[in-house]
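Report on the structure given below.
Predicted, not measured: the structure shown is a model, and the values here were computed from it.
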Amino acid sequence: FPVTITRQAPTRSKRVTHLTKLLEIFCLYDVTDEEAVELLVGHKPTLQDEGLRRRCSDLRALGWIAPTGETRANSSGRQRIVCAITDVGRDAWMEIQNG
């Protein structure tokens with residue numbers, strides 16, 4: 001389910017699609033933002049993928065994902081927080097799936 005990234009600013013519907021796909025990743029895995037984006041796009045995140053990492057922040061702001069207390073080193077060796085889906089996020093995911 002990788003998405004094609006363009007240089008244009010994403011439309012509202014594209015942002016919602018990215019949120020939905022990222023939420024699906026957090027349903028399956030406890031990951032860092034960088035790992036979630038890598039799973040989404042199928043390669044190490046680039047500067048063009050930076051907007052997708054912002055969608056992870058949106059998911060945290062909504063209360064759909066939250067830090068687990070664990071950290072993991074990213075590709076540059078810096079420690080990053082690992083997040084997991086919350087009960088609220090799982091409920092939102094179920095609503096999205098049920099239309």
Side-chain angles (χ1 to χ4, degrees):
F1 63 105
V3 296
T4 302
I5 306 302
T6 64
R7 292 181 187 260
Q8 296 175 318
T11 63
R12 178 167 162 44
S13 63
K14 188 178 275 190
R15 281 192 300 268
V16 170
T17 300
H18 291 160
L19 279 174
T20 302
K21 289 182 178 183
L22 285 166
L23 187 59
E24 180 178 14
I25 289 167
F26 284 103
C27 278
L28 299 171
Y29 310 103
D30 294 354
V31 291
T32 66
D33 293 0
E34 183 177 335
E35 291 167 339
V37 171
E38 183 174 346
L39 288 167
L40 179 65
V41 298
H43 58 78
K44 293 282 184 198
T46 65
L47 284 177
Q48 290 179 326
D49 302 321
E50 187 60 31
L52 293 172
R53 288 203 325 201
R54 288 190 199 111
R55 301 293 74 83
C56 294
S57 294
D58 294 343
L59 292 173
R60 271 189 296 282
L62 290 165
W64 293 1
I65 64 171
T68 63
E70 179 186 350
T71 61
R72 200 164 23 243
N74 69 2
S75 58
S76 65
R78 295 181 69 186
Q79 291 295 310
R80 296 294 183 208
I81 61 170
V82 174
C83 287
I85 196 164
T86 63
D87 290 340
V88 173
R90 199 166 299 284
D91 290 345
W93 173 246
M94 293 304 293
E95 282 186 41
I96 291 166
Q97 294 307 302
N98 293 328

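- Summarising the geometry of Phe26 relative to Thr32, their closest heavy-atom pair is CZ-O, 4.5 Å, with the distance given to 0.1 Å.
- The shortest side-chain heavy-atom distance between Leu52 and Leu40 falls under the 4.5 Å cut-off.
- Hydrophobic clustering, with ILVMFWY side chains joined whenever heavy atoms are under 4.5 angstrom apart, keeps Leu28 apart from Ile81.
- How far NZ of Lys44 is from OG1 of Thr46: 12.5 Å, rounded to the nearest 0.5 Å.
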Under the side chain to side chain contact (heavy atoms under 4.5 Å, CB included) criterion, do Leu59 and Leu22 qualify, and how do the steps go?
CA-CA 9 Å; Leu59 292 173; Leu22 285 166; 3.8 Å; yes
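- In terms of modelled atom types and a separation under 3.5 Å, the side chain of Thr68 and the main chain of Val82 share a donor-acceptor contact.
- Trp64 has its side chain out of reach of Ile85: every pair of non-hydrogen atoms, C-beta onward, lies at least 4.5 Å apart.
- In summary, Arg53 and Glu50 engage in a salt bridge, as defined by a charged side-chain N under 4.0 Å from a carboxylate O.
- Sorted by first then second residue, the salt bridge (charged side-chain N to carboxylate O under 4.0 Å, His left out) pairs that include residues 90-99, not counting sequence neighbours, number zero.
- For Ala66 against Thr86, the heavy-atom pair with the smallest separation is CB-CG2, 3.7 Å.
- Placement of Tyr29 and Val37 within a single hydrophobic cluster is found when ILVMFWY residues are connected by side-chain heavy-atom separations under 4.5 Å, directly or transitively.
- Going from atom CZ of Arg72 over to atom CD of Glu34 covers 11.0 Å, rounded to the nearest 0.5 Å.
- In this structure, the separation between CG on Asp30 and CD on Glu35 is 10.0 Å, given to the nearest 0.5 Å.
- Within the structure, salt bridge (charged side-chain N to carboxylate O under 4.0 Å, His left out) pairs that include any residue of residues 75-88 do not occur (at least two apart or interchain).
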Applying side chain to side chain contact (heavy atoms under 4.5 Å, CB included) to His43 and Asp49, what does each step give before you reach the verdict?
CA-CA 10 Å; His43 58 78; Asp49 302 321; 3.2 Å; yes
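- The heavy-atom pair separating Cys56 from Ile65 by the smallest distance is O-CD1, 3.7 Å.
- Taking both residues in full, the closest heavy atoms of Ile96 and Thr20 are given as CG2-CG2, 3.9 Å, listed atom of the first, atom of the second, then distance.
- Annotation: side chain of Val41 is not in contact with side chain of Gln48 (no heavy-atom distance under 4.5 Å).
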